[in-house]
Structures are given as C-alpha cells and as structure tokens.
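Below is one structure, written out as structure tokens; comments come after it.
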Amino acid sequence: MNDSPQRYDPATVEAAWQKRWEADRVFEVTEDPARQKYYLLEMFPYPSGRIHMGHVRNYSIGDVVARIKRMQGLNVLHPMGWDAFGMPAENAAIANKTHPAQWTYDNIDYMRTQLKRLGFSYDWTRELATCHPSYYRWEQLIFLKMWEQGLVYRKRSLVNWCESCQTVLANEQVVAGLCWRCNNEPVQKRLFGYFFKITDYAEELLEWIDKLPGWPERVLTMQRNWIGKSYGALIRFPLLEREGAIEVFTTRADTLFGATFMSLAPEHPLALELSAGTPQERAVQDFIDRVRRQSLADRADEKLKEGVFTGAYCSNPMTGSQMPVYVANFVLMDYGTGAVMAVPTHDQRDFEFAREYNLPLIEVIAGPQGAQGAQSMNAAFTDYGTLINSGPFDGLGSKEAMRAIAEELGKRGLGQETVNYRLRDWGISRQRYWGAPIPMVHCEKCGLVPVKEEDLPVELPLDAQISPTGGSPLPGLDSWRNTACPACGGPAQRETDTMDTFVESSWYYDRYACPDYDQGPLDPKRTLYWAPVDQYIGGIEHAVLHLLYSRFYTKVLRDLGFLKVDEPFVNLLTQGMVIKDGAKMSKSKGNVVDPNDMVQRYGADTVRLFVLFASPPEKDLEWSDQGVEGANRFLQRLWRLGLAVAEEAGGVAPYAGGGSLGGPLAELRVKTHDTIKRVTQDAVQAMQYNTAIARVMELVNAISLVQQDEALKGQPQREAVLREAIEAAVILISPMAPHIADELWRRLGHEGYLINQPWPAFDQAVLVQEEKLVVVQVSGKVRAKLTLPADADDAALQAAALAEEKVQKFIAGQAVKKVIVVQGKLVNIVV
RNA sequence: GCCUGGGUGGUGGAACAGGUAGACACAGGGGACUUAAAAUCCCCAGGGUGAAUAGCCCGUGCGGGUUCGAAUCCCGCCCCAGGCACCA
C-alpha cells in the first residue's frame, strides 16, 4: 500500500463530513408552501440485525435521487424508519433468551449506525419504529374506524396455516404455493380471523392501475392478474326434488345449452348436503376426505380429473334437462361460487371429466369449419363461434349470445350478467405475539366489542414469557387478557391475535410526514403537503403484497377522511437483486458480502459507486470484488486529479467563456459541457446511474490527459479550463459519492455542501461544433470517416465523400445508383 | 399453458429517433517508472485471415422479411429469468 499524503483516506474524510452534515442538520426538512415538495422514499427495512447489500443498493439508488432533486431546488423529504414487528424477533428471543423488544431495538440501534456510516441523506428526526405504541396506537384507531365502516369483519373460514410460523397467511402471502417468509408449505385450517374488505376496492384498485404511468408495466400486470376481473354471468340451476338452486359463475353463458352436468368443489356446502341420506353419501364423504388429505401443492399439481356423483340432480334453466351433480377435485371453492356448470364439448376440463364418467356431450358452438359432431371430438372446442343446438339462440355469435342468454335468464329470475374478481379479502389475524394487538374484546354477554378509542393503545404486554415452542404467549397471559367489556363493563377477554405486519407498512409513508402528531394518525396539514410519495424504490418481491395493500390502505384512509390522495406512490422503481456467483446473496448459500467489511476496506463512497455503476437499477447486479476495486481506483484517481488541479489552479476562476480556446483545451471544454448534458439526461431523467457514472469517468479521463500534457503547460486559460472541468466532475459525481465530492469541493476552495449547490447547467453554445465526423459508407459498409464543417450541405457532403480516395477505390468501375445523405452524420453511396 | 422482461466480446454492461456495434469498467496482454514489488501512468484488445496500426470475410440467440442501411422495425421459432396457473 502506498501511504503517501496524496492517497485518499475514506475513513477520516467520510466520518468528518457525516459529522458536519449532522451538526448542520443538512438533511432535515420542514413544510415550505413556497417551494415545490418532492417525497422520495425507499422501502423501510425489517431490523433483522444488520444491513445487507440489497439494502445498500436500494438506499444508494434512493440517495442519488434525493440529492439530485435537492440540488434541483426541490424541498426533498427523505425519511427512514423500521418495519419493526415480525416473527424473527420472536425466534431470536427464543434462541438468545432476550425479549423481542430488546432484540428489535438493539438491532435498530446497530443498523441506524450502519446507515449513517453509508452517508445517506435521511432526515433522522422523522425516524419511526412500527413496534412502538406511539405508532401502532394509530393503527389500532384506523382499525376501529374501519370496523365502524364495515371494512373489517370477523369470520370463521378456511385459511392457509403455516406450521413453522405458527400463524395464518393471507392469499397474497402464499407465494408459489409456499409461505412467503419461510418457504414451507401451508396447510388448510378452519379458523376465526379478521378480514379487511379489500374486495370492496377491487374495481377502484383495478381502474387506477391504468392511471399509474410511473409504475413498471410488470408490476401493474401482476396486480391486474391478481385482482383477476372477469365478465360473465351468474346462473341458477334449480335442484330437482327439493328447494333451492346451485349458483354458478361462468364466462361462457353462450355454452349454457351444452351444460350436461354440474361440478361442485369438495368444500362446497351442498356437496355433503345433497348426498345426505342417499346411497352416495358414503362415497361423497370418502372422496372429500381423500381430497382434503392431499397437500395444497399436491392438489394443485393433480392433473387427473376425478369426482363422485352426489346422487342429486339439478335442471338446466334453458333446456330443462336433468343434470347430475358431481363433486370434482378440480373445482376451486374460492373462485366464483365454488360450483361450475360443466360443458364438456367446450371446456377441456369438463371434457376430460365427462369422458372418465361417461357423461353426455352436446355440441353448441360451431367454429369456422362448422360443427364437428360431439361424438367425434377428441378435445373440447374452446374458441368463440356460432351457436348451434341452442334453440332460439342458434346462429348468434358467442358474444351476442352471452348477452341474449343472460337477458333471458334475467327475465326468468334465474341469472344475470355479472363481474367476478379473483381477489379475496385480506386476512389480517396473526396468531403471533410480536405484532400490534387487534383492539377487540370478547364478551360473553355482548359478543365481539371494539375497544373504546380513548382506551387506545392496547399495548402489547412486555412482560410476556416467550414460549420456546413458538406459540404466542398472549392467550395464556391472563393478567393482560382479562379485561372489562367496553360495552357492559362485565368480565371479558382481549383478542389475542395481532395484526399482519403488512398493516404497519401500509401507511408508514404517510406517518413520516408527521411522526410526532398526537391528535390522530395523520396531521392533515402536513400530509396534505407531503403526500403522495413522488418516487418509491424497493424490491420487486412486493409487487402484489406491500404494494397492493398500500394502495388499498391509501383509499381506505382517504375514505375515512384521514388523507386526500387516491394513490400512495406516483412513481415506482423496482430494483433488481444483488447476485453473487449466480445466486441471490443468502446465508444458506454462503455467498454473502457484508457491507461493513466493504465500507471498512474501501469507504462508503466506493461501495455506493460500485452498486450504482455495475448495473442499471432495475436489473440484477452481479457482485464483483474486482469491480469494487475498480470503483475505488476511480475515486483515488479523481482525488489525485482534484488535488493537482486545486494546486495548479489555486487562485484561478473556472473558465466561463471569453478569450479564444483552441486544440485540446477547447475539446476539454466541449467534453465538460457534453458530460453535464449527458449525465443530466442519464441520471436525472432516465435514472440510469451506471451510464451517468461512465460519463463522469470519461470526463475524468479527459481531464487527466490535459492535466498531464506537458505541451499545454503555460498556455493561457489552461488552469481555468481544468478547474471548470474538475468542478463539473466533482459536482456530477456528488450524489453517488458525496463524501469525497464535498471534500474535493472544499479543497478546490469552496465552502458549504454540494447538496446545496444547484445542479449544473450546460452551455448549448459550447456544444455547437464547427466540424463534425461524417461516416462514409459504400453500399452500407463503412469505408471512410471524414471531418467536415458542420454547416456543409448535402451536396458538399456528397462531393467530399465521392472525392475521398478510399471511397473511389470501392466505387471504381461501378455505376453509382443512389446517394443517401444524413445531415452532419453519414453519406451512403449505393452502387 | 398464459402474462411480463430479457438473450450483444472472456465478464458486468453501452448504443439518442433505424445511421461508425461493443462507450465505461473488470479480467487479460505489452510498455514506462522501480534494485524489485505494490501503487501509478501509457498503449493494445469482438472473432477469423494477414508481418501489418493495409486489406478481406464473419459477427448483437436462430430462420426469414422490410430498408440505401437493422442490436433497433415486422413475421416465425429457440432459450433464460420472474409472475400467475385446473380462474370455470
């Protein structure tokens, strides 16, 4: 190692600047109606213990945006806090014999230090931790308001239960059939739980997807699919020999005349009811038991269509024909009504089922080739077509027929057109300790009673003994659980479930606007100024979890009168993962790079620069130790060059025009302004920090050449041009590498912080070139490059191209058919 | 199966609006400085064939097409990643 005084030492320089920024409260902001606000937010971390590279990447990207927007004169809110409730705290408590609260707050302290060491421009006065009563008391209040409005309800239902997490999962939290947190396979369980009526907002959530141009298309697509809107009809099939009807949802009402039997989900209440007392009762019961015993994943993988006859019949509301009612393994209880009208000729699943059980086929849709004959079909015909065998509807196209049939059913009171959503209500009950208590009380006399608002918060008891078996201690904690009924004052018991931690993260971004507000969840004045978030940055993994819940919650808060916005995040950037050796960094893979080690070895600026340079933000980033070395080398180079120019150009002002420049000095000046222009395009408009950094590297390379060129020493304006160039480089790199930039800025004789400097403007006049490089092609192949006056017209370009010796060689003896001239760029001579 | 992305040197990645493919960097090779090394600085570098920094040929997953000209546009495929998936 070279330890010359010229060598940049990040440890001391970075610490010094972090101290100054903090002492001068550089990043603290308040509402200022005179200035345009900009709310920049990165997804807050779970305080797991240490910051990982994914965080470093996420927050480095965010910090660049924050600093640039600030330099552009906006009033930038850039807060940080902690998603502090959650299971790992309980697990760690068991493993380390600490309390989840202790563990969490210790982690927060450590991670805060780590983030500060990275030099991010957070307003730390707004820091919040969701596990603190001053936060979750307002979450409980919102819960009560939602309860009042009927947006929360409690029901017993079939839920996804994760055995290893000992708790329930919402539909969104079962990812690819597995628990989103621990990757174990959930089982089905019947449990009581609280649900948020997100389905009430399905239509609005869907509509607004088209009004979020600042979101990546794939996130919008995922949400659109998750909501799963489809148009169709509800049709009632009257039961034979008893009261009632089976209701189905179908998107193909046009095939109704071809419905020859009925399929029920095994969980459908009618399945057992219909078979009760018939010879089929035993068979149905056995079948349901067998399907239930299958794991969810096995059931989803099951391709064989199986079922059993219930012994009952219903009638086709159009044809009146008898349809046997089956229970079938492929029918899903939680989509539509849990019952399907089976049209074997035009649905592949029904076709396979009908074959297996010898059920009748009636062809009702003819394709362009006409009817193919039901008996000769070897697969269902699922396209739209023309109706046949459908009585008065024969000859209609599928689309018209759907409407006509629904209308006819409506007249007879047997059906109507409808819209169906795949989205289910959000189950928020968690059978865990380390979460926000649900503010409800069970009274034997009054039933389920909400806690009174003035009694909030319902504090999580900190004296609970965490059980090593993993269950929540709350149900056994009588001192906490026993309470008085808010309604009658009699003995009652507190709800022991806590809220899904996604509830906390669904509104924390609004609370940042007013973290100290004690009159309600949100200060109307301050949220009016700051909300919504202008730019949100985080991982793609929350595409249908946090990002959908937050959209829902924003609309709820709006409807409860707490907020005035429709959507939480105007622009969304989903950054890619950090990969090493081809896999996501993880303890189990043993490929984790600890940010602490990197910061210690190279400094925060180097680590930040590397993660920004190695890949565009939305793509995955392959970690490379050598790449980090490269980033460090660049900063060292910038440092030496900065100091050299500072010394040579000590008392000289940056070049600002005047006098005439020539040769390399003029070229450097063009490079300086071109770099400002392109970095502004890349970094400010396109958020392509990898290319923005590359541009600055080019500029630094160019400055270096000029600075070292002995022939230029003594030339007038040399120092002024060098200073202008190096100052541009330092300012442009400052959002990415703020410490070294501020230090160089100081060494160049300036005071203050670069974040308070205006983002540089380029001089268009400098960029107007007198000469341009013109590529000459012969029949599309590059044969020569000419430097010509920029104002040369087409004829002049063509003449110059044809006169070129190399070009002559290639057109010799051939007739020139055509010449294409692109102004100031290219001449193509076609022979 | 459906829906998103994506496929460019040894590697990460550039390429405005169809106009020099490979910016910038990593790894590599050569040189300067040094007793030596590290550090630093300079040069080379898509592949093939050339002594060559002369030429020629090939080249952005594959096959076609449009165009004077295609990584970029169109058609048909293949592969990779992610999401959804018996959704009636």
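So you know, we letter chains A, B, ... as the sequences are listed, proteins then strands, and number each from 1. The figures that follow rest on heavy atoms only: side chains count, while hydrogens, waters and symmetry mates do not.
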Practice problem: Output all residues satisfying side-chain contact (heavy atoms from CB on, under 4.5 Å) with Gln808(A), sequence neighbours left out; order by chain, then residue number. | Solution: Ile811(A)
Quiz item: Is the closest basic N to carboxylate O distance between Asp674(A) and Arg678(A) below 4.0 Å?
Solution: yes
Quiz item: On a whole-Å scale, what distance lies between the P atoms belonging to G59(B) and G64(B)?
Solution: 11 Å
Quiz item: In whole angstroms, how far is the C1' atom of A23(B) from the CG atom of Leu699(A)?
Solution: 14 Å
Self-check item: Watson-Crick or G-U stems involving RNA chain B, each at least 3 pairs long, distances under 3.5 Å, ordered by first number
Solution: B:1-7 with B:78-84, B:10-12 with B:24-26, B:28-32 with B:40-44, B:46-49 with B:55-58, B:61-65 with B:73-77
Self-check item: Under-4.0 Å salt bridge between Glu172(A) and Arg424(A)
Solution: no
Quiz item: Under 4.0 angstrom, heavy atoms only, what part of the nucleic acid is Gly630(A) near: base, sugar-phosphate, or nothing?
Solution: sugar-phosphate
Quiz item: Which comes earlier along RNA chain B counting from the 5' end, the contact point of Asp347(A) or that of Leu705(A), where each point is its nearest nucleotide?
Solution: Leu705(A)
Self-check item: Distance between C1' atoms of G22(B) and C44(B) (Å, rounded)
Solution: 16 Å
Quiz item: Reading nucleotides 64-74 of chain B 5' to 3', which nucleotides get B (base under 4.0 Å from a protein heavy atom), which S (sugar-phosphate only), which -?
Solution: ----B------
Quiz item: In whole angstrom, what separates Leu635(A)'s CG from A39(B)'s P?
Solution: 17 Å
Quiz prompt | Between U53(B) and C43(B) - C1' atom distance, rounded Å | solution = 12 Å
Quiz item: Mapping Asn420(A) and Ser624(A) onto RNA chain B by nearest heavy atom, which one lands closer to the 5' end?
Solution: Ser624(A)
Exercise. Determine the Euclidean distance between corresponding C1' atoms of G28(B) and U20(B); express it in Å to zero decimal places.
Key: 26 Å
Exercise. Quick one: label Val331(A) by what it contacts on the DNA or RNA (base, sugar-phosphate, nothing), any heavy atom closer than 4.0 Å.
Key: base
Practice problem: Could you check whether Asn701(A) gets within reach of a base, just the sugar-phosphate, or nothing at all, counting any heavy atom under 4.0 Å? | Solution: sugar-phosphate
Quiz prompt | Tyr689(A) OH - A23(B) C1' separation (whole Å) | solution = 20 Å
Quiz item: Base, sugar-phosphate, or nothing for Lys781(A), non-hydrogen atoms under 4.0 angstrom?
Solution: sugar-phosphate
Could you pull out every donor-acceptor pair under 3.5 Å between side chains of residues 610-620 of chain A and any protein atom, sequence neighbours left out?
unit_1	atom_1	unit_2	atom_2	d
Ser615(A)	OG	Asp620(A)	O	3.0
Asp620(A)	OD1	Met577(A)	N	2.8

Quiz item: In whole angstrom, what separates Gln636(A)'s CD from U40(B)'s C1'?
Solution: 11 Å
Quiz item: Should Arg422(A) be listed as having a side-chain N or O under 4.0 Å from OP1 or OP2 of A88(B)?
Solution: no
Quiz item: Within this structure, what is the CZ-to-C1' distance between Phe353(A) and C86(B), rounded to whole angstrom?
Solution: 13 Å
Practice problem: Verify, without hydrogens or angle tests, whether Asn828(A) (side chain) and Gly780(A) (backbone) share a donor-acceptor contact under 3.5 angstrom. | Solution: yes
Exercise. Check whether any side-chain nitrogen or oxygen of Arg678(A) sits under 4.0 Å from OP1 or OP2 of C16(B), and answer yes or no.
Key: no
Quiz item: With rounding to whole Å, what would you report as the distance between G13(B) and G9(B) at their C1' atoms?
Solution: 11 Å
Exercise. With P as the reference atom in both, quote the distance from A23(B) to A45(B) in angstrom, rounded to an integer.
Key: 10 Å
Self-check item: Electrostatic pair Asp350(A)-Arg355(A), nearest N-O below 4.0 angstrom
Solution: no
Quiz item: If the C1' atom of C62(B) is compared with that of A51(B), how far apart are they to the nearest Å?
Solution: 38 Å
Quiz prompt | salt_bridge(Glu417(A), Arg403(A)) N-O dist < 4.0 Å | solution = yes
Quiz prompt | N-O pairing of Glu698(A) and Arg695(A) below 4.0 Å | solution = yes
Quiz item: Once you round it to whole Å, what is the distance between P of C87(B) and CG of Asp350(A)?
Solution: 10 Å
Self-check item: Base-contact (B) and sugar-phosphate-only (S) positions in nucleotides 1-15 of chain B, heavy-atom cut-off under 4.0 Å, - elsewhere
Solution: --SS-------BSS-
Quiz prompt | Options C87(B), U20(B), C26(B), nucleotide nearest the side-chain atoms of Arg349(A) | solution = C87(B)
Quiz item: Contact class for Val775(A) (heavy atom, under 4.0 Å): base, sugar-phosphate, or nothing?
Solution: base
Practice problem: Tell me, please, which residues at least two apart from Glu622(A) pass salt bridge (charged side-chain N to carboxylate O under 4.0 Å, His left out). | Solution: none
Practice problem: Would you mind classifying the nucleic acid contact of Arg224(A) as base, sugar-phosphate or nothing, using non-hydrogen atoms under 4.0 angstrom? | Solution: nothing
Quiz item: With respect to the side chain of Thr251(A), which nucleotide from G83(B), A27(B), A88(B) is positioned closest?
Solution: A88(B)
Exercise. Kindly assign one of parallel, tilted or perpendicular to the pair Phe261(A) and Phe353(A), based on the angle between their ring planes and the thresholds 30° and 60°.
Key: parallel
Exercise. Could you label the plane-to-plane angle of the Tyr335(A) and Phe249(A) rings as parallel, tilted or perpendicular, counting under 30° as parallel and over 60° as perpendicular?
Key: perpendicular
Self-check item: Separation between CZ of Arg252(A) and CD1 of Ile365(A), rounded to the nearest 0.5 Å
Solution: 5.5 Å
Quiz item: Starting at CD of Gln798(A) and ending at C1' of G19(B), how long is that distance when rounded to a whole Å?
Solution: 17 Å
Quiz prompt | Interatomic distance, Met333(A) CE vs A88(B) P [rounded to whole Å] | solution = 16 Å
Quiz item: Syn or anti for G9(B), with syn set at within 90° of 0?
Solution: syn
Self-check item: Arg783(A) side chain near C56(B) phosphate (N/O to OP1/OP2, under 4.0 Å)
Solution: yes
Quiz item: Do Gln688(A) and Gln681(A) pass the side-chain hydrogen bond (donor to acceptor under 3.5 Å, both in side chains) test, and can you show the C-alpha distance, the side-chain angles, and the key distance before you say yes or no?
Solution: CA-CA 9 Å; Gln688(A) 299 293 306; Gln681(A) 272 166 9; over 6 Å; no
Quiz item: For G5(B), does the O4'-C1'-N9-C4 (purine) or O4'-C1'-N1-C2 (pyrimidine) torsion place it in syn, i.e. within 90° of 0, or in anti?
Solution: anti
Quiz prompt | Between U72(B) and C26(B) - P atom distance, rounded Å | solution = 30 Å
Quiz item: Does atom NZ of Lys584(A) have more than 12 heavy-atom neighbours from other groups under 6.0 Å away?
Solution: no
Exercise. For the pair His542(A) and His546(A), name the ring-plane relationship: parallel under 30°, tilted 30 to 60°, perpendicular over 60°.
Key: perpendicular
Practice problem: Describe the nucleic acid contact of Leu220(A) in one word from base, sugar-phosphate, nothing, applying a heavy-atom distance below 4.0 Å. | Solution: nothing
